[in-house]
Amino acid sequence: MRYGLVGSTGRMGQEIKKAFVDHTLCLTVDAEKTWSDGTQPEVIVDFSNRSSLPNTVNLCVENGSALVIGTTGLNEDDFSMLRELGKDVPVVQSYNFSLGVNILKMILASYSKLLEDWDSEIVEIHHNKKKDAPSGTAIMLQEALKKPAVMHSLRMGGIPGDHSLIFANEGEVLSFNHRAISRAVFAYGALEAAEFARSANPGFYTFEEVLRCKLKK
Ligand SMILES: NC(=O)C1=CN([C@@H]2O[C@H](COP(=O)(O)OP(=O)(O)OC[C@H]3O[C@@H](n4cnc5c(N)ncnc54)[C@H](OP(=O)(O)O)[C@@H]3O)[C@@H](O)[C@H]2O)C=CC1
Ligand SMILES: O=C(O)C1=N[C@H](C(=O)O)C[C@H](O)C1
């Protein structure tokens, strides 16, 4: 697969290049520099910053490339742009491409009604270079809960990503935790999403939907 990478010099860009070692990198875009080998990427992978989104979308339109986007901190206008792009090419978006977080998201969505009267708080811990807070994952898990949760963000050391959800009522406490031990898990998820996107019909897909397709096979 020929792929493009937006954010190639970043922490996730480095992981993507390792995970996509069997594929051909033909386009890189970073804040200051764009490089291309002159061929068209089948899929563009974006783990960068929301400021890159208009250019990323234009590149997908110009090349007819599918998009896999993990960049967090997107607003409603950004999601509208991605859904519009999904009318022409496959778009897979997730704030967390790890299998574990997406399983947790499905669990929370399935049992949210039973948890609606519990006190709910989310603690997310990330490396001290992370620019946004709360994490996109915390926002995504709160959306699965279908109710607001008190958020706590810790920024320390080189922690790749740790999310805890704690629920309490008068009689019991229920906790869930996901810990990313390596950023590689996100890159492997992005690779799975890219392999799905290169042959999918145009549309806007979440990574959960990609995984659910796998469950049906
Ligand atoms: N969905 C998921 O599973 C995951 C999502 N993320 C998200 O991915 C994003 C990147 O994380 P991380 O790699 O740690 O961040 P880094 O800061 O390490 O890397 C960001 C990259 O984006 C580039 N960049 C910044 N602005 C632009 C722009 N306007 N146009 C093009 N490129 C730009 C930077 O280029 P330069 O070096 O030149 O500044 C750099 O290569 C974050 O939003 C993070 O939350 C992270 C991990 C997993
Ligand atoms: O910035 C990171 O590192 C991560 N960001 C994503 C988020 O904001 O949820 C995903 C993961 O937790 C790592």
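Atoms within a ligand are numbered from 1 in the order they appear, just like the ligands themselves.
- Looking at Gly7, Ser8, Ala193, Gly13, it is Gly7 that brings a heavy atom closest to atom 21 (C) of ligand 1.
- The shortest contact between atom 15 (O) of ligand 1 and any protein heavy atom is with Arg11 NH2, 3.6 Å.
- Considering only heavy atoms from C-beta on, Leu115 comes within 4.5 Å of Leu145 through its side chain.
- To the nearest 0.5 Å, atoms CG (Leu53) and CG (Leu67) are separated by 8.0 Å.
- Ranking the protein heavy atoms by distance from atom 30 (N) of ligand 1 puts Ser52 CB, 3.2 Å first.
- Checked by distance only, ligand 1 and Val6 stay at 3.5 Å or farther apart across all their nitrogen or oxygen atoms.
- Ile166 and Met140 fall into different hydrophobic clusters, where Ile, Leu, Val, Met, Phe, Trp and Tyr side chains are chained together by heavy-atom contacts under 4.5 Å.
- Of the heavy atoms in Lys129, none comes closer than 4.0 Å to ligand 1.
- By heavy-atom distance, the residue among Thr137, Val101, Thr9 lying nearest atom 37 (O) of ligand 1 is Thr9.
- For ligand 1, the polar-atom distance check finds no N/O of Thr71 at less than 3.5 Å from any of the ligand's N/O atoms.
- Glu209 CD to Lys214 NZ: the interatomic distance, rounded to the nearest 0.5 Å, is 16.0 Å.
- At a 4.0 Å cut-off, not a single heavy atom of Gln14 sits close enough to ligand 1 to count as contact.
- No donor-acceptor pair closer than 3.5 Å links the side chain of Lys105 to the backbone N or O of Leu141.
- Heavy-atom proximity to atom 25 (C) of ligand 1, evaluated over Asn49, Val29, Ile16, Thr34, is greatest for Asn49.
- Considering backbone and side-chain atoms together, Ser98 places no N or O closer than 3.5 Å to any N or O of ligand 1.
- Phe207 and Phe196 have their aromatic ring centers separated by at least 6.0 angstrom.
- Given atom 3 (O) of ligand 1, the protein heavy atom at minimum distance is Phe97 N, 2.8 Å.
- Scored by the salt bridge (charged side-chain N to carboxylate O under 4.0 Å, His left out) test, Lys131 finds no partners at all (sequence neighbours excluded).
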Can you give each donor-acceptor pair under 3.5 Å made by side-chain atoms of residues 5-14, sequence neighbours left out, with the distance rounded to 0.1 Å?
unit_1: Ser8; atom_1: OG; unit_2: Asp30; atom_2: OD2; d: 2.5
unit_1: Thr9; atom_1: OG1; unit_2: Asp30; atom_2: OD1; d: 3.2
unit_1: Gln14; atom_1: NE2; unit_2: Ser8; atom_2: O; d: 2.9

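- Ring centers of Phe186 and Phe97: at least 6.0 Å apart, outside the cut-off.
- For Arg183, no heavy-atom contact with ligand 1 is shorter than 4.0 Å.
- Looking only at protein heavy atoms, the nearest one to atom 33 (C) of ligand 1 is Ala31 N, 3.5 Å.
- Donor-acceptor pairing under 3.5 Å is lacking for the side chains of His126 and Ser135.
- Residues Val210 and Leu104 share a single hydrophobic cluster, defined by chaining ILVMFWY side chains whose heavy atoms lie under 4.5 Å apart.
- Using cut-offs of 30° and 60° on the angle between ring planes, the pair Phe20 and Tyr3 is tilted.
- For the side-chain hydrogen bond (donor to acceptor under 3.5 Å, both in side chains) condition, the pairs that include at least one residue of residues 55-64, sequence neighbours left out, are Asp46-Thr56.
- The protein heavy-atom contact nearest to atom 7 (C) of ligand 1 is Gly70 O, 3.7 Å.
- Looking only at protein heavy atoms, the nearest one to atom 11 (O) of ligand 1 is Met12 CG, 4.4 Å.
- Protein residues having at least one heavy atom under 4.0 Å from any atom of ligand 2 are Thr72, Tyr95, Asn96, His126, His127, Lys130, Ser135, Gly136, Thr137, Pro160, His163, Phe186, listed by chain and number.
- For the pair Arg50 and ligand 1, no heavy-atom separation below 4.0 Å is found.
- Atom 1 (N) of ligand 1 has its nearest heavy-atom neighbour, among Ser94, Gly136, Pro54, in Ser94.
- Nearest protein neighbour of atom 8 (O) of ligand 1, counting heavy atoms only, is Phe47 CD2, 3.8 Å.
- The closest protein non-hydrogen atom to atom 45 (O) of ligand 1 is Thr72 OG1, 2.6 Å.
- Residue-ligand proximity, Lys131 to ligand 1, at heavy-atom distances under 4.0 Å covers atoms 17 (O).
- Counting atoms of ligand 1 from 1 in the listed order, those under 4.0 Å from a heavy atom of Lys130 are 45 (O).
- With hydrophobic clusters built from ILVMFWY side chains whose heavy atoms lie under 4.5 angstrom apart, Val185 does not share a cluster with Ile159.
- Using a 4.5 Å cut-off between side-chain heavy atoms of Ile, Leu, Val, Met, Phe, Trp and Tyr, with links allowed through other members, Leu25 and Val68 fall into the same hydrophobic cluster.
- For Lys130 (side chain) and Ile125 (main-chain N/O), no donor-acceptor pair under 3.5 Å exists by modelled atom type.
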